[in-house]
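Inspection log for the structure reproduced underneath, given as structure tokens.
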Amino acid sequence: MLNSQKTSRTGDSELDGAADGPGTLGPDACPVDHGLEQSSPGRPGPARPTRAIPYTELPGPRMPTAMQILGYWTRPTAFMERCRARYGSRFPLRIRVPPKPLVVLSSPEDVKQLFQAPSDVLYAGDGSATIEKYTGQSGLAWLDEDDHLARRKLMNPSMHGAAMEGIETAIVEITERELSSWPRGEVVALHPLVHRLTLNVMRQVTFGPEPDQRLDELIDVLADMMRFNASPVSVFQIHTMPPKAVRALIACRPVGLHRFLELRGHADRLIGEVVEDRRRTDARGKDLVSLLLSSRRDDGSELDSVELRDEIMTIFLAGTETTAATIAWAVEHLSRLPAVRERLVDEIDAGQGDAYLTATVQEMLRMRPPLPQIIPREVMKPIEIGGVRYEPGVHLWASPYLLHHDPAIYPDPYAFRPERFLEKGPGTYTWIPFGGGRRRCLGAGIATLETKHVLREVLARYELRRESPQPEPTRSRIVTITPGRGVRIALSDRA
């Protein structure tokens, strides 16, 4: 199955070379010594105690950091699959800038222990450093554990409970408006259109339904700004880089950082104007901004303008990049799978439930989880997971993509089969497209609802005609993976 996705020749040769070294293991071997039974003649003896090995003894690719970054960025899924085939379910990588010890985990047992570890042992507070250029250092994704939980509690009512009725209405209205404007009869890249749809949904979740020309402009600015996410430079943690290095990147215009920073400044000004108007008029609703403006800390103080800005930008990034990628991948797959598509259309036309649509979305989230690798956890105190000892400073990176493609969990894992979730629902530690534990995605319900509704409307309205019968390659886009050609499809009205 691993051969079903091509890997770059550079990645193949480097990984092959690493596998030839001493101490490397076959694809099915476990790098942990679990101990052997000792016995004397005629009488079994006690089991030898298992020795927890240090993480530094785990085998992994030995290619230079730059080559690992290139391999992961250009062929992310193939690169990770190749590593697992060579080194087992856990392996170290060097793909962070600046360099930090990073170990990938991809077995249900390891993932469960990671999710259940106390926050003072495994810390996720600054695990989102890659997206700090959007979120700042006071948004939900950045906050320390206690502050993170307090902010989640504050934001929760804007995305659950009574608010979901208004969100569902908004999704229906926005999908109707956006789909009616999509081109017919010509091949277009669908991902940018879907991304704009998700931006408009998040606009209403964040600011409410009131019209405002500044928010119309904000959507245009954000759509332009987030094109930067397709650049390898988008993963640079510019807040940790020397000012001289950042200035050099800005001066190199083809890199695109200068344009990104200009657009970010424009977006910040628009957000600031709208928020301050809302603060002055004391207008309140069920939207996120209303909740944030009404909130108070334990000492009675309000969130300041920087905290409000960071939270709004966090929601726009996290609530659009991931959902747009999921919807785009779903359309890409369904356009190649007529049997699945026809069964879905039959269910939609019959209007008698959405069991198969729900299973299709769950299967899509298995095949292409929104975050193929979830937010890294930093080890704060020594911890043993799966017979491996990790010391403070190491970052542990659970991989939903590798977990979801484990044939021991999902037979024939590269086949798109929604029936798996009709037969059995998703497992807590074997299906983790939205993460888990204290850091599970706050907007998982919105993302699922939105994906289901957009797919339902697309299939009810249109026939799908691909530009090419070949599956689209993968492409890294900051922390997500998207179809490499943007889903090149022509839509035509159903008869």
| query | Going from OG on S106 to CG on L402, what distance comes out if it is rounded to the nearest 0.5 angstrom? | reply | 5.0 Å
| Test side chain to side chain contact (heavy atoms under 4.5 Å, CB included) applied to K100 and R94, step by step | CA-CA 7 Å; K100 296 179 181 179; R94 297 193 304 276; over 6 Å; no
| message | Quick one, D493 and R184 - any side-chain contact, counting heavy atoms below 4.5 Å? | response | yes
| Under 4.0 Å between a Lys/Arg side-chain N and an Asp/Glu carboxylate O for R280 and E276? | no
| Would you say the side chains of R278 and S290 form a donor-acceptor pair under 3.5 Å? | yes
| Contact summary for A447 and F434, nearest pair of heavy atoms | CB-CE2, 4.2 Å
| remark: Taking every heavy atom of E378 against every heavy atom of G393, the minimum-distance pair comes out as OE2-CA, 4.0 Å
| request: Spell out, as yes or no, whether a donor-acceptor pair under 3.5 Å connects the side chain of T322 to the backbone of G319. | output: no
| query | Nearest 0.5 Å, what's the OG-CZ distance between S492 and R461? | reply | 14.0 Å
| query | Quick one: salt bridge (Lys or Arg N to Asp or Glu O under 4.0 Å) partners of R465, sequence neighbours excluded? | reply | none
| For D268, all residues meeting salt bridge (Lys or Arg N to Asp or Glu O under 4.0 Å), sequence neighbours excluded | R309
| request: Could you tell me whether a side-chain N or O of K133 sits under 3.5 Å from a main-chain N or O of F236, the two making a donor and an acceptor? | output: yes
| request: Before giving the answer on salt bridge (charged side-chain N to carboxylate O under 4.0 Å, His left out), spell out for E332 and R336 the whole-Å C-alpha distance, their side-chain angles and the decisive distance to 0.1 Å. | output: CA-CA 7 Å; E332 197 277 335; R336 294 189 282 106; 3.0 Å; yes
| message | Under the rule for salt bridge (Lys or Arg N to Asp or Glu O under 4.0 Å), what residues qualify as partners of R196, not counting sequence neighbours? | response | D220
| No-hydrogen, no-angle side-chain donor-acceptor test under 3.5 Å, T175 and E457 | no
| task | Verify, without hydrogens or angle tests, whether E472 (side chain) and R485 (backbone) share a donor-acceptor contact under 3.5 angstrom. | result | yes
| request: Check R475 against A230 and note the closest heavy-atom contact, atom names and distance. | output: NH2-CB, 3.4 Å
| Within a strict 4.5 Å, meaning less than it, do heavy atoms of the V275 and I271 side chains meet? | yes
| request: Would you tell me whether Y134 and E321 have side-chain atoms, one donor and one acceptor, within less than 3.5 Å of each other? | output: no
| said: Holding to side-chain hydrogen bond (donor to acceptor under 3.5 Å, both in side chains), I want the full list of residues that pass it with R494, two or more places apart in sequence or in another chain. | reply: D349
| Within the distance-only criterion (no hydrogens, no angle test), does the side chain of E347 pair as donor or acceptor with the backbone N or O of L357 below 3.5 angstrom? | yes
| query | How far apart are the closest heavy atoms of P418 and Y356, and which atoms are they? | reply | CG-OH, 3.6 Å
| request: Would you mind listing every ring pair (Phe, Tyr, Trp, His ring centres under 6.0 Å) that reaches into residues 184-225, with sequence neighbours excluded? | output: none
| query | Should R466 and S335 be marked as a side chain to side chain donor-acceptor pair (under 3.5 Å) after you check the CA-CA gap, both sets of side-chain angles, and the distance that decides it? | reply | CA-CA 7 Å; R466 297 177 61 85; S335 66; 2.7 Å; yes
| said: I'd like to know if the side chain of W73 and the backbone of V235 have a donor-acceptor N/O pair within less than 3.5 Å. | reply: no
| query | Taking atom CD1 of I312 and atom CG of L292, what is their separation to the nearest 0.5 Å? | reply | 7.0 Å
| What do you reckon, are the aromatic ring centroids of Y410 and H405 less than 6.0 Å apart? | no
| task | Would you indicate whether the side-chain heavy atoms of P370 and L365 approach each other to under 4.5 Å? | result | yes
| Residues that R456 engages under salt bridge (Lys or Arg N to Asp or Glu O under 4.0 Å), provided they are two or more places apart | D354
| request: Would you check if the side chain of H160 reaches a backbone N or O of N156 as a donor-acceptor pair within less than 3.5 Å? | output: yes
Side-chain donor-acceptor pairs under 3.5 Å in residues 425-433, sequence neighbours left out?
from, atom 1, to, atom 2, distance (Å)
Y429, OH, Q116, NE2, 3.0
W431, NE1, Q362, O, 3.1

| Validation row: I489, V188 side chains within 4.5 angstrom (heavy atoms) | no
| remark: In this structure, CZ of R488 is separated from CG of L190 (nearest 0.5 Å) by 10.5 Å
| note | Separation between CD1 (I374) and CZ (F115), nearest 0.5 Å, reads 4.0 Å
| remark: When T323, T451, I167, T198 are each screened for side-chain contact (heavy atoms from CB on, under 4.5 Å) with I446, the one that passes is I167
| task | Inspect the contact between E363 and R366 and indicate whether a charged nitrogen and a carboxylate oxygen are less than 4.0 angstrom apart. | result | yes
| task | Please answer whether the main-chain N or O of P209 pairs with a side-chain N or O of R203 as donor and acceptor at a distance below 3.5 Å. | result | no
| Close side-chain approach of T474 to Y401, heavy-atom, < 4.5 Å | no
Please table the atom pairs, donor to acceptor, closer than 3.5 Å between any side-chain atom in residues 243-263 and protein atoms at least two apart or in another chain.
from, atom 1, to, atom 2, distance (Å)
R259, NH2, D224, OD2, 2.9

| message | Just so I know, are the side chains of L93 and F79 near enough to count as touching, which here means a heavy-atom distance under 4.5 Å? | response | yes
| field | Under the side-chain hydrogen bond (donor to acceptor under 3.5 Å, both in side chains) test, residues paired with R417 that sit two or more places apart | value | none
| field | Verdict with supporting geometry, Q204 and D287, side chain to side chain donor-acceptor pair (under 3.5 Å) | value | CA-CA 7 Å; Q204 189 142 329; D287 55 89; over 6 Å; no
| message | If I compare all heavy atoms of R84 with all of L403, which pair ends up nearest, and what's the gap? | response | NH1-N, 4.3 Å
| Partners passing side-chain hydrogen bond (donor to acceptor under 3.5 Å, both in side chains) against T326 (at least two apart in sequence or in another chain) | none
| said: Please give me the minimum heavy-atom distance between G436 and R377, naming the atom from each residue. | reply: O-NH2, 3.4 Å
| task | Evaluate the side-chain proximity of T482 to T480: yes if any heavy-atom separation is below 4.5 Å, no if none is. | result | yes
| Is there a donor-acceptor pair under 3.5 Å between the side chain of T448 and the backbone N or O of G445? | no
| remark: Sorted by chain and residue number, the ring-ring contact (aromatic ring centres under 6.0 Å, His included) partners of F91 (sequence neighbours excluded) come out as none
| query | When rounded to the nearest 0.5 angstrom, what is the spacing between CE in M159 and CG in L291? | reply | 9.5 Å
| query | Around atom CD of E168, are there more than 12 heavy atoms of other residues, nucleotides or ligands at under 6.0 Å? | reply | no
| query | Any ring pair (Phe, Tyr, Trp, His ring centres under 6.0 Å) pairs touching residues 464-487, not counting sequence neighbours? | reply | none
| Within the distance-only criterion (no hydrogens, no angle test), does the side chain of E467 pair as donor or acceptor with the backbone N or O of V187 below 3.5 angstrom? | no
| Is there side-chain contact between K452 and T360, with at least one heavy-atom pair below 4.5 Å? | no
